[in-house]
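Excluded from the calculations below are hydrogen atoms, water molecules and symmetry mates; all remaining heavy atoms, backbone and side chain alike, are included. Residue numbers begin at 1 in each chain, while the letters A, B, ... track the order of the sequences.
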Amino acid sequence: MFTILESRDLAPSIRYLRVAAPKIARRRKAGQFVIVRVDGDGERIPLTIADSDSTEGWIALVVQGVGKTTKAINLLEAGDSLSDVAGPLGMPSRIDEVGTAVVIGGGVGTAIAYPTAVALKEAGNHVISIIGAQTGAQIVLESEMEVACDEVYVTTDDGSVGYHGFVTGKLSELIDEGRQLDLVIAIGPIPMMKAVAEVTRPCAIDTIVSLNPIMVDGTGMCGGCRVVVGDETKFACVDGPEFDAHQVDFDLLERRNRAYATFEHQRDSDMQAAIDLQSAS
Amino acid sequence: MNELTKRERMAMSRSEMPARPADERNSDFGEVNLGFTAGLAVLEAQRCLMCRRPVCIEGCPVGVQITEFIDLVAAGDFGEAAKVIKRDNSLPAICGRVCPQEDQCEGACVLAKKGKPIAIGALERFVADFEREHDLMHAEPTAIRTGKSVAIVGSGPAGLACATDLAKLGHDVTVFEALHELGGVLSYGIPEFRLPKEIVAAEVEQLELLGVRFVTNAVIGMMDTIDDLLDEEGFDAVFIGVGAGLPRFPNVPGENLIGVYSANEFLTRINLMKAYQVGSDTPIFDVTGKAVAVFGGGNTAMDAIRTSLRLGASTATLVYRRSREEMPARHEEVEHAEEEGVGFQMLTAPLAFLGDNDGFLTGMRLQAMQLGEPDESGRRRPVPVPGAVTTKDVDMVVIAIGNAPNPLLAKTAPDLEHTRWGTLLADATTGRTSKRGVFAGGDIVTGGATVILAMGAGRTAAASIDEFLRTDDWERSVQ
Ligand SMILES: Cc1cc2nc3c(=O)[nH]c(=O)nc-3n(C[C@H](O)[C@H](O)[C@H](O)COP(=O)(O)OP(=O)(O)OC[C@H]3O[C@@H](n4cnc5c(N)ncnc54)[C@H](O)[C@@H]3O)c2cc1C
Ligand code: SF4
Ligand code: FES
């Protein structure tokens with residue numbers, strides 16, 4: 001059992017949880033994830049470690065309630081627990097001193113990008129972050145990013161806060177201004193990562209994305225998480241989750257992530273009905 | 001005990017394992033075999049000739065005292081018989097169900113020539129079930145404590161067997177398992193209908209009674225490394241039994257389409273995550289009324305294809321690139337699969353998988369094969385028949401063509417020597433690796449093999465670990 005030490009909303013349906021997991025906290029590096037099960041019958045889902053403290057022995061997770069399991073996690077409060085947390089898994093982010101690095105986070109992806117931004121800064125880089133969401137209320141970790149990075153740009157699809165448009169719009173602006181960008185790391189929805197890859201491809205800026213395929217074990221045992229990078233099949237849980245954006249087959253990833261769409265839709269609406277019933281009574 | 005003459009015994013017919021009717025069992029996950037009744041067991045045991053030189057024992061990888069236990073069964077002393085088996089095999093309820101007896105004890109039995117070897121596997125299973133069901137399993141911690149501690153990485157048969165012996169010798173044993181459930185392939189690979197999970201759980205419980213500690217969700221290499229276990233956690237020795245868990249794919253176009261699974265993924269979703277149960281949170285491709293093909297010829301392939309029938313597939317075809325005789329699966333599984341309605345398409349290999357615009361599998365292109373010259377394994381190598389290519393509709397495919405060792409642990413322990421196939425280098429008679437204090441056994445050393453070989457390797461290593469802990473002498477060889 002892994003006790004939840006703190007649980008609070010960051011934005012509507014996005015929650016920040018601190019979980020007691022001393023061994024994982026001691027080992028984890030930016031870019032790694034854990035596999036979590038809520039309870040004895042639960043599915044195994046991957047969640048990126050957003051932060052940790054090795055002396056206090058906790059890791060932080062930022063969870064967007066989109067499916068049954070993530071919604072269930074987001075109902076948990078401090079003092080509750082998760083039945084299983086395994087990790088840290090995956091390859092850590094490659095943190096080098098490159099000069100200027102742009103860290104792009106879309107939606108809850110900002111939380112995943114945050115530790116990488118911190119590590120890049122510590123490695124001596126000039127770090128620019130671009131954090132985007134549909135609307136201002138969904139922007140997360142803006143103040144943390146302000147502390148960690150040299151420049152922070154907020155973008156919203158509806159223009160309610162910051163730059164009006166997508167993260168790629170802001171990125172293109174920086175490129176057009178003639179800024180020397182040595183590395184771009186983009187973490188967020190697949191269409192966003194794919195769009196970032198297309199923006200940086202013509203000017204050959206090194207670009208890394210963090211992929212989120214469906215996983216089961218997270219240890220390289222099942223191959224469910226396979227993605228195609230270049231012409232090679234890779235297991236994202238052990239070979240990734242971070243890969244060269246210019247080599248990733250995003251269309252395949254997007255299709256494979258829809259494998260269980262019907263099942264998930266049914267399951268999630270059953271879950272919502274149960275929650276509604278509970279709150280009605 | 002046995003009053004019958006040799007001639008009378010020879011005249012008796014072999015008792016067959018009672019099984020549920022094929023058309024009933026192929027739509028649920030309940031166990032297929034029902035096991036001997038006490039009456040059948042005694043009858044079968046009486047058939048044993050009690051050979052002066054029991055070749056059956058020579059055929060058993062761990063040397064179970066077969067004649068001694070069968071004699072006790074014939075006398076009706078089932079509890080005592082279980083104790084005899086357990087001297088050499090700590091997991092008889094499991095081995096009785098999954099060992100390839102036809103290649104081992106029963107294959108060696110003198111009566112095999114006449115086609116009716118003693119049903120040693122069924123007797124082993126009966127005796128072990130009797131012991132469990134009559135609550136005769138009473139493990140308790142050994143009184144003597146050596147003060148030494150051993151970390152066991154992986155809770156498959158190799159790790160469990162090693163843990164059992166070390167705990168009985170009075171060492172403190174902690175088993176680290178990456179998954180949330182214990183048992184390795186016994187839990188995530190072999191389905192409920194062949195090995196009920198309550199049996200695996202009962203064995204684990206015995207180990208807990210022996211004082212063994214289990215830590216789940218412990219991915220060694222990522223969480224603690226082998227060095228951490230030895231240096232920081234203070235373990236005096238480490239046993240690595242992490243299995244061969246990296247699925248192989250045939251490397252043909254279309255193998256990443258939705259609906260193409262590795263056997264590991266398919267079986268893990270079913271067995272570990274219980275995706276077959278209504279209301280499970282883990283999804284599985286819906287094959288109701290659909291066509292399924294499984295590629296491979298081993299036990300894994302049989303488990304996958306029989307599982308797909310139970311999920312409601314309308315056709316279930318096993319596709320294998322050699323001929324039926326070469327299939328490495330247990331004979332019983334092949335027979336059961338056939339009875340349940342599995343179709344066999346032999347001498348066929350995949351060329352490509354075909355899909356629709358949404359990335360879902362819709363068909364497969366197959367190449368007919370013929371057997372050519374023998375290869376390194378001594379089996380005749382399948383070679384393509386020129387031009388013999390066909391296309392077939394299919395909705396789900398499971399690839400069960402074998403596993404390679406998972407490199408996860410190796411990557412984080414560079415001082416452990418590996419073979420060029422990625423298996424861990426360990427001495428066969430001692431389980432010693434290239435690193436002081438670290439031992440290994442099971443599929444990680446041999447590549448995918450069998451439960452009993454993994455168990456045997458765990459026990460061999462346990463003896464050698466005990467020797468090392470007592471003498472602190474790494475060079476010395478263990479007999
Ligand atoms: C579907 C299937 C059916 C089979 N049927 C039969 C059969 O009928 N008869 C038979 O004799 N054999 C059968 N086998 C083969 C047999 O199961 C294996 O040979 C045997 O289980 C190997 O045992 P092991 O202990 O070496 O490894 P495993 O059983 O593979 O166990 C290894 C364990 O280590 C864990 N692990 C891996 N990496 C780490 C890590 N870094 N840290 C912590 N833990 C880790 C794994 O999660 C796993 O639980 C079958 C195999 C499969 C896949
Ligand atoms: S070889 Fe067969 S008949 Fe002879 S002792 Fe063994 S089981 Fe009995
Ligand atoms: S999640 Fe199973 S191999 Fe990656």
A.B. asks: What part of B/Met273 gets within 4.5 angstrom of chain A, counting heavy atoms only: side chain, backbone, both, or neither?
C.D. replies: side chain
A.B. asks: Which region of A/Arg255, side chain (C-beta onward) or backbone (N, CA, C, O), has a non-hydrogen atom less than 4.5 Å from a non-hydrogen atom of chain B, or is it both or neither?
C.D. replies: both
A.B. asks: Do A/Met221 and B/Leu246 have side chains that get closer than 4.5 Å, going by heavy atoms?
C.D. replies: no
A.B. asks: Looking at A/Arg256, A/Arg226, A/Gln32, which has the largest count of heavy-atom pairs under 4.5 Å with chain B?
C.D. replies: A/Arg226
A.B. asks: Sort B/Thr268 into side chain, backbone, both or neither according to what part of it lies under 4.5 angstrom from a heavy atom of chain A.
C.D. replies: side chain
A.B. asks: Grab the two heavy atoms, one from A/Gly220 and one from B/Pro247, that are nearest each other, plus how far apart they are.
C.D. replies: O-CD, 3.7 Å
A.B. asks: Can you tell me which portion of A/Val238 sits under 4.5 Å from chain B's heavy atoms? Options are side chain, backbone, both or neither.
C.D. replies: both
A.B. asks: B/Asp286 versus chain A, heavy atoms under 4.5 Å apart: side chain, backbone, both or neither?
C.D. replies: neither
A.B. asks: When B/Asn256 is tested against each of A/Asp249, A/Leu252, A/Leu253 for side-chain contact (heavy atoms from CB on, under 4.5 Å), which residue passes?
C.D. replies: A/Leu252
A.B. asks: So what's closer than 4.5 Å to chain B heavy atoms on A/Ile214: side chain, backbone, both or neither?
C.D. replies: side chain
A.B. asks: Taking B/Ile284, B/Ile399, B/Asn403, B/Thr216 one by one, which has the highest count of heavy-atom pairs under 4.5 Å against chain A?
C.D. replies: B/Ile284
A.B. asks: Write down the atom of A/Thr219, the atom of B/Ala178, and the distance for their closest heavy-atom approach.
C.D. replies: CG2-CB, 4.5 Å
A.B. asks: Does a side-chain N-to-carboxylate-O contact under 4.0 Å join B/Arg269 and A/Asp217?
C.D. replies: no
A.B. asks: Examine whether an atom of B/Glu177 lies under 4.5 Å from a heavy atom of chain A, and if so say whether it belongs to the side chain, the backbone or both; otherwise answer neither.
C.D. replies: neither
A.B. asks: Under 4.5 Å from any heavy atom of chain B, what part of A/Thr262 do you find: side chain, backbone, both or neither?
C.D. replies: neither
A.B. asks: Taking all non-hydrogen atoms of both residues, which atom of B/Phe360 and which atom of A/Arg258 are closest, and how far apart?
C.D. replies: CZ-O, 4.4 Å
A.B. asks: At a heavy-atom distance under 4.5 Å, which candidate from A/Val228, A/Thr233, A/Asp251 has the highest pair count against chain B?
C.D. replies: A/Thr233
A.B. asks: Determine, for A/Asp41 against B/Lys274, whether the closest basic-nitrogen to carboxylate-oxygen distance falls under 4.0 angstrom.
C.D. replies: no
A.B. asks: Using non-hydrogen atoms and a 4.5 Å limit, figure out which bit of B/Leu179 sits close to chain A: side chain, backbone, both or neither.
C.D. replies: both
A.B. asks: So that I can tick it off, tell me whether B/Glu181 and A/Arg37 are bridged by a salt bridge, with the cut-off set at under 4.0 angstrom between side-chain N and carboxylate O.
C.D. replies: no
A.B. asks: Check whether B/Phe266 gets within reach of chain A through its side chain, its backbone, both or neither, counting any heavy atom under 4.5 Å.
C.D. replies: neither
A.B. asks: Can you tell me how far apart CE (B/Met222) and CE (A/Met91) are? Round to the nearest 0.5 Å.
C.D. replies: 8.0 Å
A.B. asks: What I'd like to find out is whether the side chain of B/Val219 reaches to under 4.5 Å of the side chain of A/Leu89, using heavy atoms alone.
C.D. replies: yes
